[in-house]
Amino acid sequence: MSVSRLWLVRHAQPLIAPGVCYGRLDVPADDAASRQAAQSLRLALPHEYEAWHSPLQRCKQLERHLRAQPPVFTSTPEPRLMELDFGRWEGLGWEQIGKSAVDAWSRDLAGHAPGGGEPLRSMLARVHDALRTMARRGAGAPDMVWITHAGVIRCVQWLLAHGSRLPTAGDWRLPAPAFGQWITLPLQEISREVLPQG
């Protein structure tokens with residue numbers, strides 16, 4: 001019997017200039033790249049799966065193209081899968097934001113809210129909550145697909161490797177798939193890590 005998996009899928013290339021800070025900024029992705037990513041993903045996915053997607057349009061584009069291919073499936077918008085909120089930094093070039101502001105964030109990566117937005121500590125908590133919700137589906141549940149962002153994918157990897165320990169800037173060197181790509185993790189391992197044992 002095959003092991004059910006969590007598919008962590010990153011949206012396609014966003015249509016935004018290089019060097020611009022974007023997290024919650026609702027920028028579209030390249031539509032042709034979204035379609036191609038959906039086609040590749042559909043070929044890799046099992047016949048049955050459940051899906052959640054970030055409500056930001058770059059993720060909704062990939063979800064829409066995936067839904068257009070048989071077999072028919074439904075995907076649920078899930079706000080806990082959104083990217084980090086950079087507050088006032090959203091849409092600014094990193095040079096405009098300035099080294100001193102970025103350094104202040106780096107000194108307290110988990111607790112500092114960049115641009116007055118969302119601290120990484122809060123993002124880790126909501127991603128952990130989403131993992132717990134997913135894990136409670138129980139044994140025999142189909143594969144789960146998250147169409148999401150690099151930050152969320154890094155949070156999942158951090159939580160599974162380090163639990164409740166908060167990261168520092170030196171720790172936060174986790175890989176993320178390229179735009180339109182994905183990684184898979186066994187759901188059994190996730191359930192063991194995020195659900196209370198009794």
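It should be emphasised that the depicted structure is a prediction, and the values quoted were computed from it without experimental measurement.
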| message | Restricting to non-hydrogen atoms, name the atom on Glu90 and the atom on Leu25 that form the minimum distance, rounded to 0.1 Å. | response | OE1-N, 3.1 Å

| More than 12 heavy atoms of other groups within 6.0 Å of Arg165 CZ | yes

| said: Is it the case that over 12 heavy atoms from other parts of the model lie below 6.0 angstrom from the CD atom of Gln36? | reply: no

| request: Check whether any side-chain heavy atom of Thr133 sits under 4.5 Å from a side-chain heavy atom of Trp52, and report yes or no. | output: yes

| Salt-bridge present (Asp31, Arg35; N to O < 4.0 Å) | yes

| field | Main-chain N/O of Ala141 paired with Ser4 side-chain donor or acceptor, under 3.5 Å | value | yes

| said: I'd like to know if the side chain of Asp143 reaches the main chain of Arg5, judged simply by a donor and an acceptor atom lying under 3.5 Å from each other, with no hydrogens or angles considered. | reply: yes

| Heavy-atom check, side chain of Leu62 versus side chain of Phe179, under 4.5 Å | no

| query | Judged by atom type as modelled, is there a donor-acceptor pair below 3.5 Å linking the side chain of Asp108 to the main-chain atoms of Trp105? | reply | no

| CA sep, side-chain torsions, deciding dist, call: Met144, Tyr49, side chain to side chain contact (heavy atoms under 4.5 Å, CB included) | CA-CA 6 Å; Met144 171 64 84; Tyr49 58 93; over 6 Å; no

| request: Measure the spacing between CZ of Arg154 and CG of Leu84 and express it to the nearest 0.5 Å. | output: 11.5 Å

| note | One should read off an interatomic distance between Ile190 CD1 and Leu159 CG, to the nearest 0.5 angstrom, of 10.5 Å

| Roughly how far, to the nearest 0.5 Å, is the CZ atom of Arg42 from the CZ atom of Phe73? | 8.0 Å

| query | Under 3.5 Å, is there a donor-acceptor pair between the Ser100 and Asp103 side chains? | reply | no

| message | Keeping Arg137 on the side-chain end and Met134 on the backbone end, is there a donor-acceptor pair under 3.5 Å? | response | yes

| query | Is there a side chain to side chain contact (heavy atoms under 4.5 Å, CB included) between Glu83 and Met123 once you walk through the steps? | reply | CA-CA 8 Å; Glu83 186 58 280; Met123 184 180 186; 3.4 Å; yes

| Is the backbone N or O of Glu118 less than 3.5 Å from a side-chain atom of Ser122, with the two atoms forming a donor-acceptor pair by type? | no

| Taking all atoms of both residues into account, what is the closest heavy-atom pair of Arg67 and Glu63, and its distance? | NE-OE2, 2.7 Å

| ILVMFWY cluster, Leu166 and Leu160 together (side-chain gap under 4.5 Å) | yes

| task | Examine Val152 and Leu56 and state if one hydrophobic cluster contains both, with Ile, Leu, Val, Met, Phe, Trp and Tyr joined whenever side-chain heavy atoms are less than 4.5 Å apart. | result | no

| said: Using a 3.5 Å distance criterion without hydrogens, assess whether the side chain of Glu189 forms a donor-acceptor pair with backbone atoms of Pro186. | reply: no

| message | To check you understand the geometry: which heavy-atom pair defines the closest contact between Pro55 and Lys60, and what is its length? | response | O-CE, 3.1 Å

| said: Show the nearest heavy-atom pair for residues His112 and Pro114, with the distance to one decimal. | reply: O-CD, 3.2 Å

| task | Indicate, with yes or no, if the rings of Trp89 and Tyr22 have centres closer together than 6.0 Å. | result | no

| query | Between Val20 and Val102, is there a shared hydrophobic cluster once you connect ILVMFWY residues whose side-chain heavy atoms come closer than 4.5 Å? | reply | no

| said: Quiz question: by atom type and distance under 3.5 Å, do the side chains of His11 and Ser34 form a donor-acceptor pair? | reply: no

| said: Counting C-beta onward and ignoring hydrogens, is there a side-chain heavy-atom pair between Ile153 and Gln157 closer than 4.5 Å? | reply: yes

| request: Determine whether Leu8 and Val156 make a side-chain contact, defined as any pair of heavy atoms from C-beta on separated by less than 4.5 Å. | output: yes

| said: So, taking the atom named CG in Leu6 and the one named CD1 in Ile183, what distance separates them when rounded to the nearest 0.5 Å? | reply: 8.0 Å

| remark: For Pro46 and Trp7 the tightest heavy-atom approach is CD-CZ2, 3.8 Å

| Is it true that a side-chain atom of Arg126 and a backbone atom of Arg80 form a donor plus acceptor pair closer than 3.5 Å? | yes

| Would His149 and Leu81 satisfy side chain to side chain contact (heavy atoms under 4.5 Å, CB included), going step by step from the backbone distance to the final call? | CA-CA 7 Å; His149 309 270; Leu81 303 191; 5.8 Å; no

| Does Arg24 use its side chain to pair, donor to acceptor, with the backbone of Phe86 at less than 3.5 Å? | no

| task | Taking the side chain as every heavy atom from C-beta outward, state whether Leu124 and Pro167 have any atom pair closer than 4.5 Å. | result | yes

| remark: Smallest heavy-atom separation, Pro14 atom then Val27 atom, equals CB-CG2, 3.9 Å

| Does the side chain of Pro77 reach to within under 4.5 Å of the side chain of His53, using non-hydrogen atoms? | yes

| query | Atom CD of Gln57 and atom CG of Leu15: how far apart are they, to the nearest 0.5 Å? | reply | 9.0 Å

| query | Could you state the interatomic distance from OG (Ser75) to CG (Leu66), rounded to the nearest 0.5 Å? | reply | 8.0 Å

| field | Donor-acceptor contact present, side-chain Gln181 to main-chain Arg10, <3.5 Å | value | no

| message | I want to check something: taking the side chain as every heavy atom from C-beta on, are Ile147 and Ser54 in contact at a cut-off of under 4.5 Å? | response | no

| field | Residue pair Trp182 / Val145, side-chain heavy-atom distance below 4.5 Å | value | no

